[in-house]
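Remarks on the structure that follows.
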Amino acid sequence: AKIKVFLQGAYLGNGLMSTTLKQYNLVPTEQPFSQAPWNYNGTECADELPSNIVDWVLLELRDANNFDQIVEQKAALLLNNGNVVDKGKDAVRFYNIPADQSYFIVVRHRNHLAQMSSVSVPLPNLNPYTFSEGANYVMGGDTQSVVLPDGQWAMIAGDFNADGVVSVADFNYYQSQSSFINQYLDGDCNLDRTVSVADFNLYMPNASVIGIQQIRY
């Protein structure tokens, strides 16, 4: 699966996102989704992370005839140009499903609202499915995606507890980690290694955004 997606909080402009967490060696070498709410038990790891990694994301493939049914999951690496890949590859490989079928794609991140593709995507795909290209690529359209100053579209920042709703619970989560520094923290939605007012300023305009039912926990 070839996928391209941007995170609102980490976006710098000109099609690139911040790699600050990698620069300070804060990105874990093992996938970070084993805890609630994801409870994903995959063993994805990378002894050496690429220099242009932004963070990990969790992918879900869903049945083309029933987008409530998850048929495969995999943690993968999000690069600063928006590409989602396995270590050393240019895409993400799924091994437990048949090829040449179509699937809805869900992308999850630790502190951004998850997104689902607006259509089922034939896999393998030669050209990336670009969530960043427009709201029409995302199930729920512009209620589930945010436009950036340069016209790109991105995952909505501020879902600190990753439950699929940006609410006061996320503010409380942010506040519990406020002023923490030099750690890999879910309260850090601009991924600059610090939980600060900059993260609150990203959260605040997005407060009350509700994710589609399929991505909520």
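Numbers for residues simply follow the sequence, beginning at 1. Every heavy atom of this structure was used, including side-chain atoms; hydrogens, water molecules and symmetry mates were not.
With sequence neighbours excluded, the residues satisfying side-chain hydrogen bond (donor to acceptor under 3.5 Å, both in side chains) with Asp186 are Arg110, Tyr173. Under the side-chain hydrogen bond (donor to acceptor under 3.5 Å, both in side chains) criterion, Glu44 pairs with Tyr40, not counting sequence neighbours. In terms of the side-chain hydrogen bond (donor to acceptor under 3.5 Å, both in side chains) criterion, Tyr174 has no residue partners (sequence neighbours excluded). Scored by the side-chain hydrogen bond (donor to acceptor under 3.5 Å, both in side chains) test, Lys74 finds Asp86 as partners (sequence neighbours excluded). With sequence neighbours excluded, no residue forms a ring pair (Phe, Tyr, Trp, His ring centres under 6.0 Å) with Tyr184. Residues passing the ring pair (Phe, Tyr, Trp, His ring centres under 6.0 Å) test with Tyr129 are Phe131, Tyr137, sequence neighbours excluded.
Between His109 and the options Val54, Leu58, Leu7, a side chain to side chain contact (heavy atoms under 4.5 Å, CB included) holds for only Leu7.
Side-chain N or O atoms of Ser117 include one that pairs as donor or acceptor with a backbone N or O of Ile105 at under 3.5 Å. Judged by distance alone, the side chain of Asp188 and the main-chain N or O of Asp192 form a donor-acceptor pair under 3.5 Å. Checked by atom type and distance alone, the side chain of Tyr203 pairs as donor or acceptor with a backbone atom of Ser167 at under 3.5 Å. At distances below 3.5 Å, at least one donor-acceptor pair connects side-chain atoms of Asp199 with backbone N or O atoms of Ser196. In this structure, the side chain of Gln177 does not engage the main chain of Val195 through any donor-acceptor pair within 3.5 Å. Looking only at distances, no side-chain donor or acceptor of Asn125 sits under 3.5 Å from a matching main-chain atom of Pro128. In this structure, Ser132 contributes its side chain and Trp153 its backbone to no donor-acceptor pair below 3.5 Å. Looking at Gln183, its side chain never comes within 3.5 Å of a backbone N or O of Leu185 through a donor-acceptor pair.
For residues 119-140, no pair satisfies salt bridge (charged side-chain N to carboxylate O under 4.0 Å, His left out), with sequence neighbours left out. Every pair tested for ring pair (Phe, Tyr, Trp, His ring centres under 6.0 Å) that includes a residue from residues 41-65 fails, sequence neighbours excluded, so the list is empty. Within the structure, salt bridge (charged side-chain N to carboxylate O under 4.0 Å, His left out) pairs that include any residue of residues 151-174 do not occur (at least two apart or interchain). Residue pairs meeting the salt bridge (charged side-chain N to carboxylate O under 4.0 Å, His left out) criterion with at least one member in residues 24-39, sequence neighbours excluded, do not occur.
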Donor-acceptor pairs under 3.5 Å, side chain of residues 13-26 to any protein atom, not counting sequence neighbours: which ones?
residue : atom : partner : partner atom : Å
Ser18   : OG   : Thr20   : N            : 3.1
Ser18   : OG   : Thr20   : OG1          : 2.9
Thr19   : OG1  : Gln23   : NE2          : 2.8
Tyr24   : OH   : Arg193  : NH2          : 3.4

Show the atom names and distances, to 0.1 Å, of all donor-acceptor pairs under 3.5 Å that link a side chain in residues 59-66 to residues at least two apart or in another chain.
residue : atom : partner : partner atom : Å
Glu60   : OE1  : Arg62   : NE           : 3.1
Glu60   : OE1  : Arg62   : NH2          : 2.7
Glu60   : OE2  : Arg108  : NE           : 2.8
Arg62   : NH1  : Phe67   : O            : 3.0
Arg62   : NH1  : Gln214  : O            : 3.2
Arg62   : NH2  : Gln214  : O            : 3.0
Asp63   : OD1  : Asn65   : N            : 2.7
Asp63   : OD1  : Asn66   : N            : 3.3
Asn66   : OD1  : Asp68   : N            : 3.2

Checking side chain to side chain contact (heavy atoms under 4.5 Å, CB included) for the pair Val5/Gln115: CA distance, chi angles, key distance, verdict?
CA-CA 9 Å; Val5 66; Gln115 291 185 337; 3.9 Å; yes
Run the side chain to side chain donor-acceptor pair (under 3.5 Å) check on Asn206 and Gln8 step by step: do they pass?
CA-CA 11 Å; Asn206 298 330; Gln8 179 189 12; 3.1 Å; yes
Full working for side chain to side chain contact (heavy atoms under 4.5 Å, CB included) between Ile3 and Val107:
CA-CA 9 Å; Ile3 300 163; Val107 183; 4.3 Å; yes
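How far CG of Asn190 is from OH of Tyr11: 15.5 Å, rounded to the nearest 0.5 Å. Remark: Cys189 SG to His112 NE2 distance equals 6.0 Å, nearest 0.5 Å. Interatomic distance, Thr29 OG1 to Lys87 NZ, rounded to the nearest 0.5 Å: 11.0 Å. Atom-to-atom distance recorded for Gln144:CD and Ser118:OG is 12.0 Å, nearest 0.5 angstrom.
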